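Beneath this line is the structure, given in C-alpha cells, with notes to follow.
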2 protein chains.
Amino acid sequence: MASTIDDVARAAGVSTSTVSYVLSGKRPISAPTRERVERAIQALGYRPHAGARALASSRTDVLALMAPLRVDVDVAVIMQFVAGVVTAARTFDHDVLLLTSDEIAGMERVASGSMVDALVVMDVEAEDPRVPLLGRLSQPAVLIGLPRDPGPLSCVDLDFDAVGRLAVQHLADLGHRRIALIGSPRAVMERHTSYAERIIDGFTHGVAAAGLEGVVEPCESSSVGAADAVDRVLARLPDVTALVVHNEVALPWVLATLRERGRDVPDDISLVAVSPPDVALGQPLPLTSIDIPAHTIATVAVEMAMARVLRAEPAETRLLAPRLVLRASTTPPHA
Amino acid sequence: MASTIDDVARAAGVSTSTVSYVLSGKRPISAPTRERVERAIQALGYRPHAGARALASSRTDVLALMAPLRVDVDVAVIMQFVAGVVTAARTFDHDVLLLTSDEIAGMERVASGSMVDALVVMDVEAEDPRVPLLGRLSQPAVLIGLPRDPGPLSCVDLDFDAVGRLAVQHLADLGHRRIALIGSPRAVMERHTSYAERIIDGFTHGVAAAGLEGVVEPCESSSVGAADAVDRVLARLPDVTALVVHNEVALPWVLATLRERGRDVPDDISLVAVSPPDVALGQPLPLTSIDIPAHTIATVAVEMAMARVLRAEPAETRLLAPRLVLRASTTPPHA
DNA sequence: ATGAAAGCGCTAACAG
DNA sequence: CTGTTAGCGCTTTCAT
C-alpha cells in the first residue's frame with residue numbers, strides 16, 4: 001500500500017512517464033504496455049498522490065462550493081443544489097470542497113492556496129462583496145444568482161423575474177384580478193438576495209402589465225410568521241383570490257392558516273407555489289407550482305466552471321426559463 | 001501574485017527554511033527576522049501552495065465529510081451537522097471535502113489519494129458496508145452513528161437509546177399509560193439506520209420497564225404519511241394519551257392531523273418531539289422536546305478526528321446524554 | 001537562531 | 001511508441 005508511480009513503473013518494467021501517460025491518456029500507449037501497467041497498478045493498489053499531481057500539473061481536480069449553511073429558508077433547496085453540484089462535479093472527476101457563505105476569507109484561502117480549480121458560489125446578493133473579490137482570483141468562478149454587476153464572472157440561475165411574471169400570467173389567464181405574493185423572510189429581503197428581489201420585480205411588473213391589483217408580503221419561516229403574512233395579505237386585500245407563495249418552510253403553515261381563516265384552496269383562493277416539485281407534492285393538496293430546478297442549475301453551474309477550466313471559455317450569464325406545472329391548487333375564481 | 005516561498009525568502013533576505021519555520025512556528029525565530037519575513041509575506045501576498053505542502057509534509061489540512069445528501073428526512077438536521085463540521089474543522093485550520101453517502105468509492109479515492117487527513121462519516125447503519133472499508137484506510141475515521149461493530153473507528157452520536165427511555169420516562173412520570181412512537185420513514189428503518197433502531201429499542205424497553213402500553217409506527221415524510229401514521233396509532237391504541245415524534249418533516253402534519261381528528265395537544269394528547277430546538281419552537285405550540293444537538297455532535301466528531309491526526313489518540317465511542325426541555329405540549333393526562 | 005540541500009510523487013518537455 | 005529528466009513549492013533533516 002501507499003505505492004508511488006515509480007513502484008508501478010518498476011513492477012511493470014516501464015518508465016515513470018509511461019505510467020503517467022497510461023493514467024492520463026495524453027499520449028498513445030501500445031496495448032501490451034498499457035496492459036502490463038494496468039496490471040501493476042491493480043496489483044499494488046496504486047493511487048496517484050493528489051498533492052504531487054497538483055504540484056506538478058497545477059490542477060487539483062477539486063471545485064470549491066460556497067453554500068449558505070444557515071438554517072434560513074429553503075434548506076431542502078440548498079441541499080438539492082449542493083447534492084447537484086457534487087454529482088455534477090463527479091462527472092468531471094472532480095471533488096467538492098465545501099465553504100460556508102459566512103467565511104468570505106475562505107474563497108481567497110482555497111483559491112490562492114491552489115486548492116481548487118474553480119469556485120461555485122451560491123446565494124449571491126445584488127451588491128455582493130464577494131463578487132469583486134472573486135473577480136481577482138486566478139481561478140474562474142460561477143455564481144448561482146445574479147449580482148447587479150457580474151464583472152468577469154459567469155452566472156446561472158432560474159429566471160426569477162420570469163417566475164414572477166409567469167405566476168401572474170397564469171392567474172390572470174384564469175381570471176384572477178386581486179393577487180398576492182408571499183415571499184422570503186424580511187432578513188433575506190434586507191440582504192438584497194437577488195432571487196427574492198427579482199421575483200418581486202417580475203410579480204410587480206406582471207401585475208401592472210395585466211392591470212391587476214397585487215400586494216407583496218415578506219414571510220418569516222415559521223408557523224406564526226406564515227399566519228402573520230396571510231393575515232397581512234387579507235387585511236390589505238380582503239377579497240384576494242390568489243396567492244403566489246415562495247417560501248418552502250412557510251408553505252404548510254400558509255395552507256393551514258388559510259383553512260383556519262375559512263378560505264378553501266382552491267375554491268376560495270388559488271395558490272401557486274414556487275418550490276421544488278417534491279415540496280409541492282408533499283402538501284395535502286398537490287399544488288400548482290413553478291419548479292425550482294436546483295439540480296439543473298447546479299449541473300449547469302458546474303459545466304460552466306469546467307468549460308472555463310478545461311477550455312478557457314469566456315464568462316456568460318444563463319437564466320433558465322421557468323415552467324409552470326398545473327396541479328390542483330389553481331382554478332378560475334368563483335363569482 | 002502567485003509568489004513562492006523562495007520569493008518571500010529573497011525579499012526578506014533570509015533562507016527558505018526560515019520562512020517555512022516562521023509559518024509553522026516549529027522552531028524559534030528572532031523577533032526582527034520574523035518581522036521582516038512577515039512583512040515580505042504581506043507585501044507579496046504570499047500563500048503557501050497546498051499541494052506542495054501536502055507533498056512535503058503528508059498533511060493536507062483537509063477533512064472528508066461523507067453526508068447523506070438525499071432529500072429524505074431531516075434535511076435541516078443534516079444541514080446543521082454539515083455546518084457544524086465545517087465550522088469545527090475551521091477551528092483546526094482544516095477545510096472540508098464533501099462526499100455523498102451514495103458514492104462509497106469516494107472514501108477510498110480521497111483517502112488513498114492522500115487528499116484528506118481524516119474522514120467523518122454521517123448516517124451510519126448497523127451493518128454499514130463502509131465500516132470495514134474505513135478500517136483499512138491509513139487515515140483515521142469518525143462515525144456519526146453507531147454500527148454494530150465499530151472496529152478500530154471512533155464513534156459519536158446522541159444516545160438514542162437513552163432518548164427513547166427519557167421520552168417514555170417523562171411521559172410515565174406525568175401519568176401517561178398508553179403511548180406511541182412515531183418515527184422515521186420505512187425506508188430509513190429498512191436501511192437499519194442506527195439512530196432509528198436505537199430510539200425504538202429505548203422506547204420499547206422504557207415502555208416495558210414502566211409497565212406501559214406502547215406502539216411504534218414508522219412515518220413517511222409527507223402530509224399523507226403523517227396522517228396515516230397517526231391514524232394507525234389511533235387504530236391500534238384508541239385511547240393513547242401521548243406521542244413521541246421523531247420525524248422533523250412530518251411534525252407539522254402530525255399536529256395538523258391530530259387537530260383534524262379532534263385531539264387537542266396537549267389537552268387530549270401530549271407530544272414529545274425529538275428534533276432540533278428551532279423546529280420544536282417553530283410549531284404553533286412550543287413543543288416539549290429532546291434536542292438533537294447536531295452542532296455539538298459535529299464538533300465532537302471533528303475533535304475526535306483531529307485528536308487522532310494530531311496526537312494519534314486511540315479510537316473511542318462517545319454517546320451524548322439527551323436532555324429534555326419542558327415546553328407546552330406535555331401535561332398529565334386528563335381523567 | 002539560521003542556512004543548505006535532499007527529497008516528497010508527479011507531469012511534461014525533450015530526446016530518441 | 002517509450003525513456004530521461006528537470007522541475008512544481010514546500011518541509012525537514014543535518015550543519016553551523
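First the proteins, then the strands, lettered A, B, ... as listed; each starts at 1. Since we're looking at a predicted model, the values are computed, not measured.
- Taking every side-chain heavy atom of B:T18 into account, C:dT2 is the closest of D:dG9, C:dA12, C:dT2.
- Under 4.0 angstrom from either OP1 or OP2 of C:dG3 there lies at least one side-chain N or O belonging to B:S15.
- No donor-acceptor contact under 3.5 Å links the side chain of A:R10 to the base of D:dG3.
- The residue A:T33 sits close only to the backbone: its heavy atoms come under 4.0 Å of sugar-phosphate atoms, none of a base.
- Nucleotide C:dA1 holds its P atom 16 Å from the CD atom of B:E35, rounded to whole Å.
- With DNA chain C read from its 5' end, the first of the two nearest nucleotides for B:T16 and B:A56 is the one closest to B:T16.
- The backbone N or O of B:A83 sits less than 3.5 Å from a side-chain atom of B:T87, completing a donor-acceptor pair.
- If you check every strand for non-hydrogen atoms under 4.0 Å, A:I29 touches sugar and phosphate atoms only.
- Atom pair B:L44:CG and D:dC10:P shows a separation of 12 Å (rounding to whole Å applied).
- Both B:R27 and B:P48 sit near DNA chain D, but only B:P48 has its closest nucleotide nearer the 5' end.
- At the heavy-atom level, B:S30 lies under 4.0 Å from the strands shown only through sugar-phosphate atoms.
- Distances shorter than 4.0 Å separate some side-chain N or O of B:S20 from OP1 or OP2 on D:dT11.
- We find that A:D61 and B:R109 are not joined by a salt bridge, their nearest charged nitrogen and carboxylate oxygen being 4.0 Å or further apart.
- Judged by distance alone, with hydrogens and angles left aside, B:Y21 brings no side-chain donor or acceptor close enough to the base of C:dA1 to form a pair under 3.5 Å.
- Side-chain N/O atoms of A:S17 and base N/O atoms of D:dG3 include a donor-acceptor pair closer than 3.5 Å.
- Rounded to the nearest 0.5 angstrom, A:L97 CG and B:L63 CG are separated by 10.5 Å.
- Distance from the side chain of B:H49 is smallest for D:dC10 among the nucleotides D:dT2, C:dA1, D:dC10.
- The nearest whole Å value for the distance from the CG atom in A:L23 to the P atom in C:dA12 is 12 Å.
- Distances shown here put a side-chain N or O of A:K26 below 4.0 Å from the OP1 or OP2 atom of C:dA12.
- Remark: the backbone N or O of A:H49 is not paired with any side-chain donor or acceptor of B:S114 at under 3.5 angstrom.
- In this structure, OH of B:Y46 is placed 10 Å from P of D:dG9, rounded to the nearest angstrom.
- In the interface, the side chain of B:R53 is not paired with the base of D:dT11 through any donor and acceptor atom under 3.5 Å apart.
- Rounded to an integer number of Å, the gap from CZ of B:R59 to C1' of D:dT12 is 15 Å.
- Side-chain contact of A:S57 with A:R53: a donor-acceptor pair under 3.5 Å is absent, judged by distance alone.
- Mapping B:S57 and B:P28 onto DNA chain C via the closest heavy atom, the residue that lands nearer the 5' end is B:P28.
- Rounded to whole Å, the distance from CG on B:D61 to P on D:dC10 is 14 Å.
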